[in-house]
Amino acid sequence: MPELPEVETTMRGVKPHIIEQKITDVIVRHPRLRWPVPPDLKQHLVGQVLHKLSRRNKYLLFHFANGTLILHLGMSGRLRVLAENAPANKHDHVDICFGKHKYLRFTDPRRFGALLWTSEDPALHPLLADIGPEPLTNAFNGDYLWECARGRKVPVKSFIMDGKIVAGVGNIYATEALFQVRIRPSQPAGKVSRVHYQALAEAIKKVLRQAIEKGGTTLKDYTQSDGKPGYFRIELQAYGHDGEPCPRCKTTLKTMRIGQRSSVYCPHCQR
DNA sequence: AGAGGTACCTGGCAGC
DNA sequence: TGCTGCCAGGTACCTC
């Protein structure tokens with residue numbers, strides 16, 4: 001998916017078009033996403049004005065007077081604002097219409113995405129209640145990571161990809177941050193030093209900030225909300241470079257599987 | 001409680 | 001050309 005930078009980029013791209021706009025229709029073509037789209041979603045939304053759009057973890061939150069739409073892009077999800085009601089393609093599952101010339105279209109080939117409704121405080125929703133700090137806040141730092149890691153035996157890569165520890169760090173940026181600070185992804189989380197965690201936290205912040213600035217990473221399915229590709233891929237040094245020479249030491253980069261995810265690393269630099 | 005594996009789903013690609 | 005198997009940005013949920 002879209003990792004955090006892609007979700008953030010999507011939010012920023014879509015927001016100016018739909019904020020303070022009134023929903024006039026909701027078209028659900030394929031309700032079977034990760035969880036079924038609530039059958040009464042349309043009743044909740046039509047006539048409501050979008051007051052606020054925010055992001056928590058990789059969830060987008062559309063705030064209305066009567067509740068909140070929680071949207072996740074899953075692995076392959078995408079949101080675009082269309083000015084015309086272009087014919088829907090196979091994977092265009094949901095349209096949220098803001099008048100006749102503004103369609104927020106949710107597209108998701110793999111259907112791991114989700115649209116949910118809550119009339120409670122969304123921060124208390126089961127999907128969001130146990131999420132760790134946002135990585136770009138001061139609450140997330142090396143000391144925090146080190147504290148959380150006491151006694152943990154999971155590989156450090158799985159640890160930083162655990163949303164309960166820190167929100168929004170996915171496979172690409174976890175791989176990249178660990179490469180930058182020369183920590184082997186398989187290293188047990190509890191064995192990584194405080195100093196290394198301080199470097200790691202900074203690397204995570206840096207790589208996420210850069211990716212957001214560049215408009216997200218271009219991967220197979222990802223484009224920004226205006227259809228332009230993200231431009232970050234060219235700057236990734238480890239992810240996607242298995243078999244190529246390490247940019248630091250020229251040792252051939254290798255891949256290992258950690259938690260069923262592929263992890264590229266340098267066998268020489270990353271200890 | 002923590003660790004590890006499975007499941008959800010489609011499409012693209014390598015290899016035969 | 002066509003089949004098979006594997007891989008892909010996520011993460012809730014299950015078992016041990």
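Within every chain, numbering begins at 1; the chains are lettered A, B, ... in the order of the sequence lines, protein sequences first and strands thereafter.
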In whole angstroms, the gap separating C1' of B:dG12 from CE of A:Met75 amounts to 14 Å
If I take atom CG in residue A:Leu73 and atom C1' in nucleotide C:dG10, what distance separates them, rounded to the nearest angstrom?
11 Å
Whichever hydrophobic residues join A:Phe179 through chains of side-chain contacts under 4.5 Å
A:Leu253, A:Val264
Nonpolar side-chain network containing A:Tyr265, other nodes, edges under 4.5 Å
A:Met256, A:Ile258
Using atom CG of A:Leu33 as one end and atom P of C:dG10 as the other, report the distance to the nearest whole Å.
18 Å
Under 3.5 Å, which donor-acceptor pairs do the side chains of residues 185-201 of chain A form with other protein atoms, sequence neighbours left out?
{"residue": "A:Gln187", "atom": "NE2", "partner": "A:Arg271", "partner atom": "O", "Å": "3.4"}
{"residue": "A:Ser193", "atom": "OG", "partner": "A:His196", "partner atom": "N", "Å": "3.1"}
{"residue": "A:Ser193", "atom": "OG", "partner": "A:His196", "partner atom": "ND1", "Å": "2.8"}
{"residue": "A:Arg194", "atom": "NH1", "partner": "A:Asp143", "partner atom": "OD1", "Å": "3.0"}
{"residue": "A:Tyr197", "atom": "OH", "partner": "A:Ala189", "partner atom": "O", "Å": "2.7"}
{"residue": "A:Gln198", "atom": "NE2", "partner": "A:Asp143", "partner atom": "OD1", "Å": "2.9"}

For A:Asp108 and A:Arg34, run salt bridge (charged side-chain N to carboxylate O under 4.0 Å, His left out): C-alpha distance rounded to whole Å, both residues' side-chain angles, the deciding distance at 0.1 Å, then the answer.
CA-CA 11 Å; A:Asp108 184 11; A:Arg34 169 151 205 170; over 6 Å; no
Which whole-number value in Å describes the distance from A:Arg110 CZ to C:dC6 C1'?
12 Å
Which pairs pass ring-ring contact (aromatic ring centres under 6.0 Å, His included) with one or both residues in residues 23-42 of chain A, sequence neighbours excluded?
A:His30-A:His93
N/O to N/O distances under 3.5 Å, protein versus nucleotides 12-16 of chain C:
{"residue": "C:dA12", "atom": "OP1", "partner": "A:Tyr59", "partner atom": "OH", "Å": "3.0"}
{"residue": "C:dA12", "atom": "O4'", "partner": "A:Arg34", "partner atom": "NH2", "Å": "3.0"}

Using a side-chain heavy atom cutoff under 4.5 Å and only I, L, V, M, F, W and Y, what cluster partners does A:Leu82 have?
A:Tyr103
For DNA chain B, which ranges pair as stems of 3 or more consecutive Watson-Crick or G-U pairs, with both donor-acceptor distances under 3.5 Å?
B:2-8 with C:10-16, B:10-16 with C:2-8
Could you work out, with ring-ring contact (aromatic ring centres under 6.0 Å, His included) as the rule, every residue matching A:Trp146, not counting sequence neighbours?
none
So, using side-chain contact (heavy atoms from CB on, under 4.5 Å) as the criterion, who are the partners of A:Lys52 when residues are at least two apart?
A:Ser54, A:His63
Nearest whole Å is fine: how far is B:dC8 C1' from A:Gln260 CD?
14 Å
Where along residues 141-163 of chain A does a heavy atom come under 4.0 Å from DNA chain B, residue by residue in number order?
A:Arg152, A:Lys153, A:Val154, A:Pro155
Salt bridge (Lys or Arg N to Asp or Glu O under 4.0 Å) filter on A:Asp25, not counting sequence neighbours, yields A:Lys42
Whole angstroms only, please: what is the NE2-P distance between A:His72 and B:dC9?
17 Å
Pairs satisfying side-chain hydrogen bond (donor to acceptor under 3.5 Å, both in side chains), at least one member in residues 123-136 of chain A, at least two apart:
A:Arg55-A:Glu134, A:Arg56-A:Glu134
Measure NZ/A:Lys191 against P/B:dG2 and give the value in whole Å, please.
17 Å
Whole-Å gap separating C1' (C:dC7) and CG (A:Asn171)
12 Å
